[in-house]
J.: 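Here it is, the structure, as structure tokens.
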2 protein chains.
Amino acid sequence: MSDAEPRVPLAHRVPDLGALELLLAIARHGSLGRAARELGISQPAASGRLRSMERQLGVALVDRSPRGSRLTGAGALVTDWARRVVEAAEAFDAGTQALRGRRDSRLRVAASLTIAEYLLPGWLVALRAQRPDTAVSLLAGNSAAVARWLFAGEADLGFVEGLAVPEGLDGAVIGHDRLVVVAAPGHSWTRRRAPLPAAELAAASLILRERGSGTRQVLDSALSRWGGLGEPLLELASTTAVKAAVVSGAGPAVLSELAVAEELAARRLREVRVEGVSLGRALRAVWPRGQTPAGPARELLGLTGSRL
Amino acid sequence: MSDAEPRVPLAHRVPDLGALELLLAIARHGSLGRAARELGISQPAASGRLRSMERQLGVALVDRSPRGSRLTGAGALVTDWARRVVEAAEAFDAGTQALRGRRDSRLRVAASLTIAEYLLPGWLVALRAQRPDTAVSLLAGNSAAVARWLFAGEADLGFVEGLAVPEGLDGAVIGHDRLVVVAAPGHSWTRRRAPLPAAELAAASLILRERGSGTRQVLDSALSRWGGLGEPLLELASTTAVKAAVVSGAGPAVLSELAVAEELAARRLREVRVEGVSLGRALRAVWPRGQTPAGPARELLGLTGSRL
DNA sequence: CATCGCTCATCACCCCAGCTTATGACCCCA
DNA sequence: TGGGGTCATAAGCTGGGGTGATGAGCGATG
């Protein structure tokens, strides 16, 4: 790992979450005082905070008047950007709260890592909006672990990705994931007109997670007809590390669509279409056979888009 | 606007950005001390901060040992969630920095509101990663304002959405946007099997932005063959307000795909397919005729995916 | 016209979160 | 056995952000 040139940290250039929340509250209420009340602080505190945020950013955000406050044009834009930060923080909060995992939770969820990482926080935020008092706890692990937790009665509801429902569990498909081949813009594969033949994918040197990761296993078995995966170009310990290597142009990789959705949208990565091999897999909610989810579990299932 | 029941603010439950950044740095470096150095703080500061973050979250994040530190399982998950917050903060920072708009910027960009809100921050983050010393300034306004700024020499490069390149400007298509009909899950339109006929859309009561907004104009002219838009169900001042109303089930609306991408992915909203009317529009980079972008402008264009 | 009710700003004061430096314990390796 | 690395603890300082009191601008109301 490269060494540590001191950098001005982001936290010094971005207002803290409290200030961003304040800005959103001001936008909603059109008044510093009411925004302050919503956040449980005094009106002078809000006034001072807003002022120091404007000083820090060097932009006037709010037009104050004796009969209320309105966002300036720039303020509206900044507020929209701030909303994204706050939403990410809300997902973070919902996730960590579940991870804290109090034993007395009304709903105990077990999920595969991919789902826990990319989908679950959003569901939990939605669930909280709908039933603010439902305490949820979360256990994250691979499919086998999820099944184990369900059988042992340590979880009420599980989420796994994979081709089949584990034996002894019932399940419902709640969505789909797909492994996609990605490469940095400019890589020769991104200039192809025709899809990449599976055989060529199997023959190529890819950036991979270390042996044993779920993604790698799925890929290897999907390519078994072509002799399985070739020699890896690089073996890395985390999805994030793989993405970073691909973005920096080290080579192509195969990752879950969920993991690369943002990078594809921002065009930091390009998808390479492949033919001759199917890399889709279902996302499933699962529960012990016979124990049809009810109560909060059913509520959460509804939010995932499942019709049960 | 409803009244202000005091709520525990998010900021008290989520570690501040500095702490999240620290966690990411620890994950990268595998050492508190090196992470501290990267952030320009002392090792005891990092130690204390990490400890208080773990106490706040009630989760052990890092396994310390006399020869380094590694994330725990829960820590890895928390780190992934934290990364999203930090990335949103980076986009916020890039955006506001441009908005501050120092006169001596190397690159002065003018953009329509939609592009400034949803796409530009990501491009600026990417540009910064690639050319850390390029100062960018941003002017945001409607298409006419963008054209005006370019003609007046107050901006070097513009971004607009719309059907045609404004007179006197050259341009390149960098992407596409589409107006989509959205409704809350469960709305009758979301249960249709066949696409909604345009005539039915025109006849319906929709939640709309106030008269004069670009989206509303485009929609109205696209539906002119069917008599234009019907009576609005509700008129609201911002895209955000419209989205909130739709999510809460007030009724359907028509919004830019960019604006609702997240809500669609999280299934808070559903897209209703429509037939008989085309609601696509190109996203274009534009510049004064003849002044082909060069230098940083060209660099930025490359990041948008344009081939120029 | 005076007064009330809402807006926001300013001032004085206070407190604690988070920083620093100095130090110590643990582990590994040469 | 000492020197490099790890992390933790302790003591002390500082400043950002909080409170509460107060005042000024504007509009509606009797």
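Every chain is numbered from 1 and lettered A, B, ... according to where its sequence line falls, protein lines coming before strand lines.
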J.: With side chains defined as the heavy atoms from C-beta onward, is the minimum distance between A/Tyr118 and B/Asp80 less than 4.5 Å?
T.: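 They are not in contact (no side-chain heavy atoms under 4.5 Å apart), so the answer is no.
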
J.: May I have all residue pairs that pass salt bridge (charged side-chain N to carboxylate O under 4.0 Å, His left out) and include part of residues 53-68 of chain B, sequence neighbours excluded?
T.: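 Checked against salt bridge (charged side-chain N to carboxylate O under 4.0 Å, His left out) - neighbours excluded - the pairs reaching residues 53-68 of chain B are B/Glu54-B/Arg64.
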
J.: Enumerate all atom pairs, one protein N or O and one N or O from nucleotides 7-17 of chain D, separated by less than 3.5 Å.
T.:
from: D/dC7; atom 1: OP1; to: B/Leu32; atom 2: N; distance (Å): 2.8
from: D/dC7; atom 1: OP1; to: B/Ser69; atom 2: OG; distance (Å): 2.6
from: D/dC7; atom 1: OP2; to: B/Leu32; atom 2: N; distance (Å): 3.4
from: D/dC7; atom 1: OP2; to: B/Gly33; atom 2: N; distance (Å): 3.2
from: D/dA8; atom 1: OP1; to: B/Arg64; atom 2: NE; distance (Å): 3.0
from: D/dA8; atom 1: OP2; to: B/Ser47; atom 2: OG; distance (Å): 2.5
from: D/dA8; atom 1: N7; to: B/Gln43; atom 2: NE2; distance (Å): 3.1
from: D/dA8; atom 1: N6; to: B/Gln43; atom 2: OE1; distance (Å): 3.1
from: D/dT9; atom 1: OP2; to: B/Arg51; atom 2: NH2; distance (Å): 3.3

J.: Taking atom C1' of C/dC6 as reference, at what distance in whole Å does atom CZ of A/Arg37 sit?
T.: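 Taking CZ of A/Arg37 and C1' of C/dC6, I get 10 Å after rounding.
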
J.: Under the side chain to side chain contact (heavy atoms under 4.5 Å, CB included) rule, collect the residues that match up with B/Gln56, sequence neighbours excluded.
T.: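 Expected list: B/Pro15.
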
J.: Applying side chain to side chain donor-acceptor pair (under 3.5 Å) as the test, list every pair that has at least one member in residues 119-132 of chain A; sequence neighbours left out.
T.: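 Output for this query lists A/Asp93-A/Arg128, A/Gln97-A/Arg128, A/Gln130-A/Glu299, A/Arg131-A/Glu299.
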
J.: Could you check how far CD1 of B/Ile41 sits from C1' of C/dT21, rounded to whole Å?
T.: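 Value for this atom pair: 14 Å.
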
J.: Can you tell me if A/Ser42 touches the phosphate of D/dG18, counting only side-chain N or O atoms and a distance under 4.0 Å to OP1 or OP2?
T.: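 For D/dG18, OP1/OP2 do not have a side-chain N/O of A/Ser42 under 4.0 Å.
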
J.: Report the residues that fulfil side chain to side chain donor-acceptor pair (under 3.5 Å) with B/Gln43, sequence neighbours left out, ordered by chain and then residue number.
T.: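 With sequence neighbours excluded, B/Gln43 shows a side chain to side chain donor-acceptor pair (under 3.5 Å) to no residue whatsoever.
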
J.: Mind checking side chain to side chain contact (heavy atoms under 4.5 Å, CB included) for B/Pro296 and listing every partner two or more places apart, or none if nothing turns up?
T.: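 B/Pro296 satisfies side chain to side chain contact (heavy atoms under 4.5 Å, CB included) with B/Arg106, B/Leu107, B/Thr134 only.
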
J.: With a 4.0 Å cutoff (strictly under), does any side-chain N or O of A/Arg67 reach OP1 or OP2 of D/dG27?
T.: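 Affirmative; the distance criterion is met.
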
J.: Send over the distance from B/Leu50 CG to C/dA17 P, rounded to a whole Å.
T.: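 B/Leu50 atom CG is separated from C/dA17 atom P by 17 Å.
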
